[in-house]
Amino acid sequence: MKLFFLISSLAFFLLSCNNQQSNDTLPPRNTDFNFDWKFHLDKGATDASSENFDDSSWKNVQLPHDWVIEESIDTTNASNQLYMGSGYRKGAGIGWYRKSFTSPAKDKKVYILFDGVYNNSEVFLNGQSLGKHPYGYSPFYFDITNKLKTDGSQNTIAVKVDHRTYADSRWYSGAGIYRNVSLITTNKLHIPVWGTFVTTPNANASNTNVFVKVKLTNDTNDTQNFILKTDIIDQKGIIITSSESEHKLESGTSIDVTENLKLNNPKLWGIYKPNLYKAVNTITLQNKVIDRKETKFGIRNIHFDADTGFFLNGENKKIKGVCLHHDGGLVGAAVPKGVWKRRLLKLKEGGVNAIRISHNPASNEFLDLCDEMGFLVQDEFFDEWDYPKDKRFNQKEQKALTETEGYTRFFQEWAEKDLKNTVLSHRNHPSIFQWSIGNEIEWTYPRNAAATGFFNNMNWDGNYFWSEPPYSTEEIKKQLKTLPKGKYDIATTAKKLSKWTKQLDITRPITANCILPSASHLSGYADALDVVGYSYRRVLYDYGHKNYPEKPIMGTENLAQWHEWEAILERPHISGTFLWTGIDYQGEIREPWPTTVQPSGLLDIAGFEGGSFGMMKSLWNPNPNMFVTTQVIEKSLYQLDANGKIIPKDPDAWKHALWQWHDINRHWNYEKGKIIAVESYSNCPEMELFLNGKSFGKKFLKDNPDHIYKWAVPYSAGKLKLVGLKNGKNITKKIVTAGAAAKVKLTVDHTKIKNNRYDVAHVTAQLIDKNGTPVLTENKKIVFNVPDSLRLLGVDNGDKQNHQDYNSNTIETSKGRALLIVQSTEKITEATINATSGTLTSNDIIIKVN
C-alpha cells in the first residue's frame, strides 16, 4: 500500500511538473502593443495607410495617447459655444498612428485588440484595410492572421483617426488611441477574444457554484480531440478547485462549454474586501498545452428590491456613488492607471462606494481598478440614441452643425455591435453591478418632453427640481397617445437595447438615467429597465414608488448636497445615488470665460478636495471626521441677528442648493476685527470652537438642519481649533494664521515606482511660511525641475479658471498650491525633483525607479 502511494504521488508530481513546464513555455497570449508608435496630425491631405509610407519625420509616441490635451487653450474663441463643450481645446484633424513589428509566430491565430479609439477610426495592416470603427468608447478587435507576413519581414499597422468633427460630444472627449492596445496570439485551436464568462449566481459565504462558460474555436484544417481544463485560483496563487472535460471539434467550428465548479467557504467580493479569483482555462492537445487564458472574477450576489433597496451579498446597503467622465485632468483622455488610482483613493476616503461611468463605457484598466479597490460600477453605453443632442447644451439638437455630428449618425448601424462588444469585454468585472443603456435620452424624442407639461414653463432654478409634474399620470398618458411619435419611438429602442444586453448577460440589472421619469414610466421606456434611475428628480421618489410600486428606483444623477442624501436616508425603497460629479471635468462649460472646466465635483480637476467632498465625507464615511471652512460673513450664507447670533440669510436655501458648493476658504488670514463665518461639516454629534484658547461655544449637530456647524468669530490672528466628540473620543482640527511665503514644500504620493514606462508619481507643491504653515492666500509662479530620466506629464493647480498649458513644468499656483505628474521611463535611477519660485526654493523629492 505504501509503495502504491509513493508511485501514485511520484506520477502526480511528474504530471504536475509536465503541465507546469507546458504552461511556462507557452508564449504569452497577450502582448503589450503600446510602445514604439509614430504619430502625425494633419487636416486630411495625408494617406499614410501604405506599408511603404515614409513616417521617419513623425513624432514618437507611447500609447495611450490623446493629441488634443497637448494643445493650448484657444483664448481667441472664448465666446464660441462649440469650444465651451470641448473645454476650449479644438484638436480638429485626422491623426495617423503607425507601428512596425514582426509577426509573433508562424501558423498562429493573431488578433489586434483596441480598448478604445476616439473616434471614427480605420485600421490598416500592410496597406490593407481591416475595417472601420466609429464609436470612440467601445472596444474592438480584428483578426489579422491572414494579412500578416510570417517570413520574418516587417509588418506595418496604421490607424487613421478622423476627429474633424471636434465638437461631437457635450464634454471633453480628447482624440487618438487613448486606451490600451494588445496583440493576442493563440493556437488555431483556441479560446477567442472575450471567449470566457464567469458567473456566480448563487453566491454566499458558505458555498457557491462557479460557472465558467468557455467558447472554443477550431481554425485548424482538421478535426481536433482535446482536453479543456479549468482551474480556480485564489489571490495567493493556490488552485482551490479544478475540472477537466474532453471535446471533439470539427475544423472551422466553435462550441460553448460551461464548467460548473463548486467552492466551499469562498471569499466574497465586496466594497470593503474586494476579493478576486482567477479562472484559468487551458487547452491540451496531444499532451501539450496549446492555449491558456486567465479570467479574473469576483464572487458576489447583487439584488434590488422595490421596497427595501439594494443588497450586496445579502446585506442591505446604500449606494454612495458619483458620476465620472473619462478625462483625468491634465493628462486628458489618455489616463495612466496610477492617476485614476490616486483619484479613486481620495473618493474612497470620502465614503464613495460606487462609480457611474458617464456617459460611455469605461476602459478595462479603469474597471480593473474598481475590481481591485471595491467600487460598484454602473457601466453606461450611450449618451445619444436615434436623435442627436445639442453638443452646446443638454437637450435635443436645436441647430445641426457639421462640427457637432455625434454618434447618432452611426447608431442605427453600429449600436448593437458597440453594445455587445462592451458587454462581452466587460462582463467578467465583478465591480459592474448595473448596465445603463442611456443617459437623459427622453428629451431628444419629440413627444416625451411635451407630455410632462414641464418644458413650456421650466425654470432650472425652480420647478423642475422641486415640483412634481404639472400633469397627472392620466394626462401624461393622454398626451403620449395623442402627440406625434416621430420616426423613432423611445420604448422600441430601449427594449431593443435591453434585449441585446440580456442576450449576453442576465446577471446584472439594466437601468437608465431618466431625466423625465414621469413620462418614461408611461411611454414604455421604463418597461425595458429593471431599475429606473431618476436624474435630478428626488422630488419624485415617493411619486414613483406610489404609482409604480413594482419598480426599483434610485437616483442616478443628483446634486452633491445634504438635501439629496437626506431624501434617500428617509426612504428605504431608494437604493442610493450617483452625484454629479465626483471630480471636476473638462468641457460642458456653463460659466463665462475664463472658466475652463465644469466645477461640480467633490474634487477639483487636480484631485484636491472641495467643500462638497467635506460634506459628503461627513455623511458617507462613518469614521469621525470634520472639514473646516471660513469666510467673511458678507460673502457667506449667514448673517448676524439682533443678538449677534449667526443665522442663515435664507433658512431654506440649503434645501435647494444645486451643483456648485458655496464660496468658502480653508485659511485663517483675514482683516483684524472682521466677522468670520466658521463652518464645520462633520459627523460628530457635538463640537466646540476655540480661537487662541477662547471658547466660542459648544454646538450640536441635531440643532443644525442643514448639517453644518457654524459660528461667527471676530478675526484675530493665531490658532483656530475645533474639537468634536464622537463615540466618547475627541477629534481636533486646527487652522493657523500664515505669514508670508518663505519656501515651497513638495510632497509625493510614491517614492518608488517601476521602470515600466507606466507608473506615475504625483508631486504637490505648497507655499509655506517660515514656520511651515501652508500659505493659501498668496500665489506665485512655480518652476518644477524634472530630470530627463522621468517623463513630464504636466502641471495643474485645480482652479476652474486656470487656462495655463498643462504640458509644461511651470505654473501659477492656486491657493498657493500646484500639482505635477511624472511618469517612469525605462531607466533605472534615483530621480530628484525640486522646485523654485523666484527666490524661494523647495525641498528635494527623490523617486527611486527600479
Could you report the tightest heavy-atom contact between N119 and P134, atom names first, then the distance?
CB-O, 3.4 Å

Any carboxylate oxygen within less than 4.0 angstrom of a Lys/Arg side-chain nitrogen, looking at D505 and K502?
no

Take atom NZ in K132; do more than 12 heavy atoms of anything else shown fall under 6.0 Å from it?
no

Between H326 and Y178 (judged by ring centroids, cut-off 6.0 Å), do the two rings come close enough to count as a pair?
yes

Ring-plane angle category for F411 and W385, please: parallel below 30°, perpendicular beyond 60°, tilted otherwise.
parallel

Are N207 and N264 close enough that a side-chain donor and a side-chain acceptor fall under 3.5 Å?
no

How about E550: does its CD atom have over 12 heavy atoms from other parts shown lying under 6.0 Å from it?
yes

Aromatic F578 / basic R356 pairing, under 6.0 angstrom, 45° off normal:
no

Are any side-chain N or O atoms of N755 and backbone N or O atoms of E826, one a donor and one an acceptor, separated by less than 3.5 Å?
yes

pair E416-K496: side-chain heavy atoms closer than 4.5 Å:
no

Near K341 NZ, under 6.0 Å, is it more than 12 heavy atoms from other residues, nucleotides or ligands?
no

Closest heavy-atom pair and its distance - R179, P361
NH2-O, 3.0 Å

If you apply the rule side-chain contact (heavy atoms from CB on, under 4.5 Å), what do you find for K149 with D151, and how did you get there?
CA-CA 6 Å; K149 298 176 184 178; D151 60 359; 4.0 Å; yes

Counting only heavy atoms from other residues, nucleotides and ligands, does the tally under 6.0 Å from CD of Q503 exceed 12?
yes

Report, as yes or no, whether the 6.0 Å neighbourhood of atom CD1 on I506 holds more than 12 heavy atoms from other residues, nucleotides or ligands.
no

Within 6.0 angstrom of Q286 CD, more than 12 heavy atoms from elsewhere:
no

The test is salt bridge (Lys or Arg N to Asp or Glu O under 4.0 Å); show your working for K337 and E365 and say whether it passes.
CA-CA 7 Å; K337 190 174 182 179; E365 192 166 63; 5.6 Å; no

Looking at D291 and K293, is any side-chain nitrogen of the basic one under 4.0 Å from a carboxylate oxygen of the acidic one?
no

Tell me whether the count of non-hydrogen atoms from other residues, nucleotides or ligands lying under 6.0 Å of NZ in K296 goes above 12.
no

Counting N and O atoms only, with roles assigned by atom type, does the side chain of K348 sit under 3.5 Å from a partner on the main chain of N353, one being a donor and the other an acceptor?
no

Residue among K109, K108, K188 satisfying salt bridge (charged side-chain N to carboxylate O under 4.0 Å, His left out) with D143:
K109

Applying the ring-ring contact (aromatic ring centres under 6.0 Å, His included) criterion to Y135, which one of F114, F382, Y118 satisfies it?
F382

Verify side-chain contact (heavy atoms from CB on, under 4.5 Å) between D219 and N187, making sure each step is shown before the conclusion.
CA-CA 9 Å; D219 284 333; N187 194 279; over 6 Å; no

Does S431 reach the side chain of L376, with side-chain heavy atoms less than 4.5 Å apart?
no

D759 vs K754, test: salt bridge (Lys or Arg N to Asp or Glu O under 4.0 Å). Steps then yes/no.
CA-CA 6 Å; D759 277 10; K754 296 178 181 177; 5.9 Å; no

Closest approach of S254 and T217, non-hydrogen atoms and distance?
OG-OG1, 2.8 Å

Looking at D234 and K267, is any side-chain nitrogen of the basic one under 4.0 Å from a carboxylate oxygen of the acidic one?
no

Close side-chain approach of T31 and S182, heavy atoms under 4.5 Å:
no

Looking only at heavy atoms, what is the nearest atom pair of A279 and V212, with distance?
CB-CG2, 4.3 Å

Residue that, paired with I437, satisfies side-chain contact (heavy atoms from CB on, under 4.5 Å) out of N513, L529, T511:
L529

With ring-ring contact (aromatic ring centres under 6.0 Å, His included) as the test, pick out the partner of H133 among Y141, W414, Y407, F142.
W414

Heavy atoms only: give me the nearest L261-S242 pair and the separation to one decimal.
CD2-C, 3.6 Å

Criterion side-chain contact (heavy atoms from CB on, under 4.5 Å) on L216 and V257, from CA distance to verdict
CA-CA 8 Å; L216 301 164; V257 175; 3.7 Å; yes

Under 30°, 30 to 60°, or over 60°: which ring-plane class applies to H65 and Y97, parallel, tilted or perpendicular?
perpendicular

Rounded distance (nearest 0.5 Å) linking atom CG of D231 with atom CD of E259:
10.5 Å

Under 30°, 30 to 60°, or over 60°: which ring-plane class applies to Y277 and F297, parallel, tilted or perpendicular?
parallel

Would you mind reporting whether L113 and W194 have side-chain heavy atoms less than 4.5 Å apart?
yes

